[in-house]
Amino acid sequence: MPEGHTLHRLARLHQRRYGGAPVRVSSPQGKFATEASTVDGQVLVRAEAFGKHLFHHYEIGSVHIHLGLYGTFTEARLPALPPVGQVRMRLIGGTHWTDLRGPNRCELLMPDQVDAIKARLGPDPLRRDAKPDRAFERISTSRTSLAALLMDQSVLAGVGNVYRAEVLFRHGINPMLPGKSLDPVQWKEIWDDLVTLMRAGVRTGRIDTVADEHLPEVTGRAPRQDRHGGEVYVYRRTGQPCLVCGTPVAHQELAGRNLYWCPVCQPA
DNA sequence: GATCTATGTAGAT
DNA sequence: TCTACCTAGATCG
């Protein structure tokens, strides 16, 4: 499910499965029916991800998809089965078909609208064209907490609640510190780490952030396997012992989102 | 069966 | 800072 790695993984999959050939597009649920009929039968020129946004580019326009909290794609080999549940968009290619359920956004956009979305996003660690300095300019001049800045898609695109919590833990940085307290070296380390972690996420489809020496098979603790699918240090581990120092993991709601950190490894 | 929760964002207040 | 929205799986009773 959806942080940036999920969308890049989907873009890669959709490019491979459906790119360069005509596709059938429909909206069994009906909410996307008019736009679906516009692109139905057209060639899917390219699938692309930017941050948490996915684009299906056609000659005639681009389908813009944002999964929000609950959106999902399911995929299977042909033949396509009757729709189950609320299927916003169904895409049928030469060998496979995929159903989109529960997206925050699914809309047909013109090129200037696509450009506008990209323009308001910060650098995406999963894109080769990313300029991390742009994010640091925002961060290093802000009194806002690092926790909020890392989740702000206009500062940094693609990082969500799991990567935010985990990358701050991995660098021993307290989430409540103001952006301006971060020095350029720390920022470079965080950025490079996000590139590594998120690329691994694209490959595996899960978020794993725990270093080898802290893994359950090394330390003897039980593997955890949260619903997001990977081994993590602090995300959703409230009250459980920190994997490094044993202190109970802290939790607080910040701007309507759950924030997790280790009070000892990430001192204020 | 009802209720809760979630890796997100936009728009109103 | 709040509320609405999109859905399905987990949890409660």
Side-chain angles (χ1 to χ4, degrees), chain A residues 1-11 27-33 35-36 49-55 63-75 83-90 98-107 109 113 116-122 124-126 144-145 147-170 175 194 197-210 224-239 249 251-261:
Chain A
M1 293 188 202
E3 292 196 25
H5 68 301
T6 303
L7 283 301
H8 280 265
R9 187 175 168 85
L10 284 168
S27 179
Q29 171 202 56
K31 283 192 183 178
F32 183 62
E35 298 95 325
F50 198 131
K52 298 170 190 167
H53 300 256
L54 175 66
F55 300 97
V63 175
H64 168 228
I65 293 154
H66 194 294
L67 294 178
L69 267 181
Y70 338 110
T72 53
F73 277 95
T74 54
E75 193 192 58
V84 175
Q86 299 294 306
V87 177
R88 182 74 58 87
M89 180 178 76
R90 170 169 285 193
T98 183
D99 279 351
L100 169 64
R101 292 185 178 77
N104 191 315
R105 284 293 172 91
C106 178
E107 59 191 351
L109 300 181
Q113 296 172 296
I117 288 173
K118 293 180 179 177
R120 65 165 202 249
L121 294 172
D124 174 352
L126 288 172
T144 304
S145 67
L149 287 164
L150 293 188
M151 291 274 280
D152 182 339
Q153 300 298 298
S154 71
V155 173
L156 195 56
V159 171
N161 207 5
V162 184
Y163 283 122
R164 157 178 84 169
E166 295 299 308
V167 82
L168 288 173
F169 176 88
R170 283 167 59 92
L194 284 171
L197 291 173
M198 294 175 77
R199 280 186 184 165
V202 174
R203 276 197 308 278
T204 62
R206 23 183 282 174
I207 299 180
D208 291 287
T209 61
V210 176
R224 92 177 222 94
Q225 289 295 327
D226 192 34
R227 72 180 65 160
H228 71 277
E231 283 289 340
V232 292
Y233 281 108
V234 291
Y235 176 72
R236 277 173 64 100
R237 292 194 63 246
T238 311
V249 170
H251 166 261
Q252 177 185 326
E253 197 163 294
L254 179 78
R257 306 302 301 280
N258 294 310
L259 176 63
Y260 308 87
W261 76 101

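Below, chain A is the first sequence line, B the second, and so on; all start at residue 1.
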Colleague: Using atom CZ of A:Phe32 as one end and atom C1' of C:dC5 as the other, report the distance to the nearest whole Å.
Modeller: 18 Å

Colleague: Using every non-hydrogen atom in the two residues, find where A:Leu197 and A:Thr209 come nearest and quote the distance to one decimal.
Modeller: CD2-CA, 4.0 Å

Colleague: Tell me: CZ of A:Arg164 to P of B:dG8, nearest whole Å?
Modeller: 9 Å

Colleague: Determine the contact category for A:Asn161: base if any of its heavy atoms lies under 4.0 Å from a base atom, sugar-phosphate if only primed atoms, P, OP1 or OP2 are that close, otherwise nothing.
Modeller: sugar-phosphate

Colleague: So, OP1 or OP2 of C:dC6: does either fall under 4.0 Å of a side-chain N or O from A:Arg105?
Modeller: no

Colleague: Quick one: which of B:dA10, C:dT7, B:dT9 gets closest to the side chain of A:His66?
Modeller: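 Looking only at heavy atoms from C-beta outward on A:His66, the closest nucleotide is B:dT9.
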
Colleague: Just the rounded figure in Å: distance from P of C:dC5 to NZ of A:Lys31.
Modeller: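 In whole Å, C:dC5 P and A:Lys31 NZ are 10 Å from each other.
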
Colleague: At under 4.0 Å, does any side-chain N or O of A:Tyr163 touch on OP1 or OP2 of B:dT7?
Modeller: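 For B:dT7, OP1/OP2 do not have a side-chain N/O of A:Tyr163 under 4.0 Å.
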
Colleague: In whole angstroms, how far is the C1' atom of B:dG8 from the CG atom of A:Leu54?
Modeller: 15 Å

Colleague: How many Å lie between CG on A:Leu7 and P on B:dG8, as a whole number?
Modeller: 10 Å

Colleague: Hey, mind stepping through A:His64 and A:Gln113 against side chain to side chain contact (heavy atoms under 4.5 Å, CB included) and telling me if it holds?
Modeller: CA-CA 10 Å; A:His64 168 228; A:Gln113 296 172 296; over 6 Å; no

Colleague: Looking at every heavy atom in both A:Val155 and A:Leu149, which two are closest together, and how far apart are they?
Modeller: CB-O, 3.6 Å

Colleague: Less than 4.0 angstrom between a side-chain N/O of A:Arg257 and OP1 or OP2 of B:dT9, yes or no?
Modeller: no

Colleague: Of the options B:dT7, C:dT7, B:dG8, whose atoms approach the side-chain atoms of A:Arg88 most closely?
Modeller: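 Per side-chain heavy atoms of A:Arg88, the pick is C:dT7.
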
Colleague: Using salt bridge (Lys or Arg N to Asp or Glu O under 4.0 Å) as the criterion, list what pairs up with A:Arg170, not counting sequence neighbours.
Modeller: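 Listed in chain order: A:Asp193.
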
Colleague: Pairing check on C:dA4: which nucleotide meets the Watson-Crick or G-U wobble criteria with it, both distances under 3.5 Å?
Modeller: B:dT9

Colleague: If you check the A:Arg120 side chain, which of B:dT9, B:dA10, B:dA6 turns out closest?
Modeller: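 Of B:dT9, B:dA10, B:dA6, B:dA10 is nearest to the side chain of A:Arg120.
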
Colleague: For the side chain of A:His5, counting heavy atoms from C-beta on, which of C:dA8, B:dT7, B:dA10 is nearest?
Modeller: B:dT7

Colleague: Expressed in whole Å, how much space separates the P atoms belonging to C:dG9 and B:dT9?
Modeller: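 After rounding to an integer number of Å, I get 22 Å for this pair.
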
Colleague: Does C:dA10 have a Watson-Crick or wobble partner in any strand here, with both distances under 3.5 angstrom, and which is it?
Modeller: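 Result: B:dT3.
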
Colleague: If every non-hydrogen atom of A:Val210 is compared with every non-hydrogen atom of A:Tyr233, which pair is closest and at what distance?
Modeller: CA-CE1, 3.5 Å

Colleague: Phosphate oxygens OP1/OP2 of B:dT7: is one of them under 4.0 Å from a side-chain N or O of A:Lys52?
Modeller: no

Colleague: Starting at atom CG of A:Leu67, determine the distance to atom C1' of B:dA6, rounded to an integer number of angstrom.
Modeller: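 Those two atoms, CG and C1', are 13 Å apart.
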
Colleague: How far does the C1' atom of C:dA8 sit from the matching atom of B:dA10, given to the nearest Å?
Modeller: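 Going atom to atom, C1' in each nucleotide, I get 23 Å.
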
Colleague: Using the P atom as the point on both nucleotides, what is the distance between B:dC4 and C:dT3, in whole Å?
Modeller: 16 Å

Colleague: Tell me the interatomic distance from A:His53, atom NE2, to B:dT9, atom C1', rounded to whole angstroms.
Modeller: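 The distance from NE2 of A:His53 to C1' of B:dT9 comes to 8 Å, rounded to the nearest Å.
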
Colleague: Taking only side-chain nitrogens and oxygens of A:Asn104, does any of them come within less than 4.0 Å of OP1 or OP2 of C:dT7?
Modeller: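 For C:dT7, neither OP1 nor OP2 has a side-chain N or O of A:Asn104 closer than 4.0 Å.
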
Colleague: Would you tell me if any nitrogen or oxygen in the side chain of A:Arg101 comes within less than 4.0 Å of OP1 or OP2 on C:dC6?
Modeller: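 No, outside the criterion.
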
Colleague: Rounded to whole Å, how long is the line connecting atom CG of A:Leu121 with atom P of B:dG8?
Modeller: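 It is 14 Å, rounded to the nearest whole Å.
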
Colleague: Measuring from atom OH of A:Tyr235 to atom CG of A:Asn161, what distance do you get when rounded to the nearest 0.5 angstrom?
Modeller: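 Reported value, rounded in 0.5 Å steps: 5.5 Å.
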
Colleague: Rounding to the closest angstrom, what is the interatomic distance between C:dT1 and B:dT7 at atom C1'?
Modeller: 22 Å

Colleague: For C:dT7, take OP1 and OP2 only and decide whether either is under 4.0 Å from a side-chain N or O of A:Gln29.
Modeller: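 Yes, A:Gln29 has a side-chain N/O under 4.0 Å of OP1/OP2 on C:dT7.
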
Colleague: Search all heavy atoms of A:Glu3 against all heavy atoms of A:Lys52 and return the closest pair with its distance.
Modeller: C-CG, 4.3 Å

Colleague: Measure from the side chain of A:Pro2, starting at C-beta and using heavy atoms only, and say which of B:dA6, B:dT7, C:dC6 lies closest.
Modeller: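 Of all the options, the side chain of A:Pro2 is nearest to B:dT7.
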
